[in-house]
*Asks:* 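Here you go, one structure.
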Protein chains: 2
Amino acid sequence: MTQLQRRKIPDAAIARLPIYLQILNNLAATNVLRFSSDELAALAGVNAAKVRKDLSYLGSYGTRGVGYEVTYLTHQIKRELGLMREWNVVVVGAGNLGCALAKFDGFLSRGFPVVAIVDNDPKKIGRTTSSLTVGDVNDLKNIVRDEKISIGVITTSSSASQAAADSLIDAGIKSILNFAPVVLSTPSSVSVRNVDLGVELQILSYFEQMRIETGGKSEGAPQLNTAGAR
Amino acid sequence: MTQLQRRKIPDAAIARLPIYLQILNNLAATNVLRFSSDELAALAGVNAAKVRKDLSYLGSYGTRGVGYEVTYLTHQIKRELGLMREWNVVVVGAGNLGCALAKFDGFLSRGFPVVAIVDNDPKKIGRTTSSLTVGDVNDLKNIVRDEKISIGVITTSSSASQAAADSLIDAGIKSILNFAPVVLSTPSSVSVRNVDLGVELQILSYFEQMRIETGGKSEGAPQLNTAGAR
DNA sequence: TTGACTTTGTGAATTAATGCACTAAGCCCT
DNA sequence: AGGGCTTAGTGCATTAATTCACAAAGTCAA
């Protein structure tokens, strides 16, 4: 069977598409209809050629001499990123961070409703937080099936994070967002994104230190993250 | 005056040093004294040559035929990243996320005590959350000076985030960790790291979508973030 | 219709990051 | 002392990402 060949988009470009998308949303909100690569580049803080190249991976959706249409390009980016539908999310770990994320608007508003939250602590199971009742991590398999969950968010302690990942994978989850400062061991078929707040602060610390050592003459830290490399 | 020339370490390597550091802490906790680049590479999920190259930017701190010493290398990485001291943090935005971060162990335990939290909402100012009283964002200048704050964390709404950044910069802050899904406009002397949870989920969504379109035959998402490029 | 102007899309050059493969150094055993 | 073994450090080839710079393709006004 001849599978429709999906364009191979570089990791670095994929990591920027959500940024562009977010800017396009803002433009739409202010009734802007069209924009040029120069304008988007300025708003995103990147080079205009990079914007054009990134967008060209999606197809040839601009008009020479004119620019790009906000609504049309928004649609194309969403299609490419798989954002034409919602993806249900389960939060594993009902601590401070987990509960805050379960309530967090930013998830739902971008199409990632948190439909379940689980923990392994009997004292937490059964509690209610923002219209969700904390479930048992051992029921994850059923919860994932019943709630049609695609993405797992790990907000457990470091020590529990690998077990949480194993449970998610066992339940069939293929996409994990991990907040625990641990390198998870997972099959290569599973996508893991790590958000380690300590790491981010330590990177800032490096540049802060650098400024002190060089008497403030050094540049600031780079601002954007790429999708990186495993 | 001849400034001591600080080694120029590639961004990608800097972003990995905190990961190595975290693994070294785990090794120390389990009484491991020494390790080889192969072992660290396996734990960090990267190539061994990359580990050696990354560590070589710090200096020549390994012993051929033997490996690296956990405590000594830990010290060197901390020195390089500016982690021989604590850096005080202020959280701007006392919403769900802001309050959760103010309580979050991970910050203090890695040497970034949250010593103040501020908001612009009179209804929130004066409230107490985890031994901190919410201050007024307009007092930021005094707070930053009095509390010797080096890093600002922005957890406001998108619409308030640029104003929050401006206040921080005006108060002399040079390092910002931004959780709002906005590209902040800042002088190049200021370091900004963005943590956009929506972006992370959207990247996962891309690979999830890809798996569906290719019938599950595609690889997972890359796991590590580089320091990226502005 | 034509010509000036704008802006995309992309080959090609450049720069950055990665990973291989080998040399240099040290340990340990006999 | 010497030979075998291990592992760091690094030059070099490769791959990925970025940026330049220009041709192609459109708009618009006269």
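Chain A is the first sequence line, chain B the second, and so forth, proteins listed ahead of strands; every chain is numbered from 1. These numbers come from the heavy atoms of this one structure, side chains and all, not from hydrogens, waters or symmetry mates. Remember, predicted model here, so these are calculated numbers, not experimental data.
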*Asks:* Can you tell me the distance, in whole Å, between the NZ atom of A:Lys53 and the P atom of D:dC20?
*Replies:* 12 Å
*Asks:* Over how many whole Å does the gap from A:Leu55 atom CG to C:dT10 atom P extend?
*Replies:* 12 Å
*Asks:* Starting at the 5' end of DNA chain C and moving along, which residue's nearest nucleotide shows up first, B:Ala49 or A:Ser37?
*Replies:* A:Ser37
*Asks:* Start with the C-alpha distance between B:Leu21 and B:Lys78, add both sets of side-chain angles, then the distance that settles side chain to side chain contact (heavy atoms under 4.5 Å, CB included), and finish with yes or no.
*Replies:* CA-CA 8 Å; B:Leu21 183 57; B:Lys78 289 179 80 166; 3.8 Å; yes
*Asks:* For B:Asp54 and C:dT18, what is the distance between atoms CG and P respectively, to the nearest whole Å?
*Replies:* 8 Å
*Asks:* Taking the side chain of B:Asn47 as heavy atoms from C-beta outward, which of C:dC20, D:dA8, C:dT8 is closest to it?
*Replies:* C:dC20
*Asks:* What's the separation between atom CG in A:Asn25 and atom OG1 in A:Thr30, rounded to the nearest 0.5 Å?
*Replies:* 10.5 Å
*Asks:* Passes side chain to side chain contact (heavy atoms under 4.5 Å, CB included), A:Leu184 versus A:Val190? Steps please.
*Replies:* CA-CA 11 Å; A:Leu184 296 175; A:Val190 173; over 6 Å; no
*Asks:* For A:Val92 and A:Ala164, which heavy atoms make the closest approach, and how far apart are they?
*Replies:* CG1-CB, 3.7 Å
*Asks:* Between the main-chain N or O of B:Leu197 and the side-chain N or O of B:Glu200, is there a donor-acceptor pair closer than 3.5 Å?
*Replies:* no
*Asks:* Side chain of B:Pro10, heavy atoms from C-beta onward: which of C:dT18, C:dT10, C:dA17 has the nearest atom to it?
*Replies:* C:dA17
*Asks:* Of all of residues 22-35 of chain B, which get a heavy atom below 4.0 angstrom from DNA chain C, listed by number?
*Replies:* none
*Asks:* In this structure, how many angstroms lie between the P atom of C:dT18 and the CG atom of A:Asp11, rounded?
*Replies:* 12 Å
*Asks:* Would you say the side chains of B:Thr63 and B:Arg34 form a donor-acceptor pair under 3.5 Å?
*Replies:* no
*Asks:* By the definition ring-ring contact (aromatic ring centres under 6.0 Å, His included), identify the one residue from B:Tyr20, B:Tyr72, B:Tyr68 that meets it with B:Phe35.
*Replies:* B:Tyr68
*Asks:* Can you check whether A:Ser60 has a side-chain N or O nearer than 4.0 Å to OP1 or OP2 of C:dG9?
*Replies:* yes
*Asks:* What residues in residues 62-69 of chain A put a non-hydrogen atom under 4.0 Å from any atom of DNA chain C?
*Replies:* A:Gly62, A:Thr63, A:Arg64, A:Gly65, A:Val66, A:Gly67, A:Tyr68
*Asks:* Rounded to whole angstrom units, what separation is found between the CZ atom of A:Arg52 and the C1' atom of C:dT7?
*Replies:* 7 Å
*Asks:* Looking at the side chain of B:Ala12, which of C:dT10, C:dT18, D:dT18 is the nearest nucleotide?
*Replies:* C:dT18
*Asks:* Measure from CD1 on B:Ile9 to C1' on C:dA16 and round the result to the nearest Å.
*Replies:* 15 Å
*Asks:* Can you measure A:Tyr72 atom OH to C:dT8 atom C1' for me and round it to whole angstrom units?
*Replies:* 15 Å
*Asks:* Measuring from atom CD1 of B:Ile9 to atom CD of B:Glu80, what distance do you get when rounded to the nearest 0.5 angstrom?
*Replies:* 3.5 Å
*Asks:* Within this structure, what is the CD1-to-P distance between B:Ile14 and C:dT18, rounded to whole angstrom?
*Replies:* 12 Å
*Asks:* Tell me which nucleotide among C:dT8, C:dT10, C:dG19 gets nearest to the side chain of A:Ser56.
*Replies:* C:dT10
*Asks:* Output the distance between atom OG1 (A:Thr71) and atom CD (A:Gln76), rounded to the nearest 0.5 Å.
*Replies:* 10.5 Å
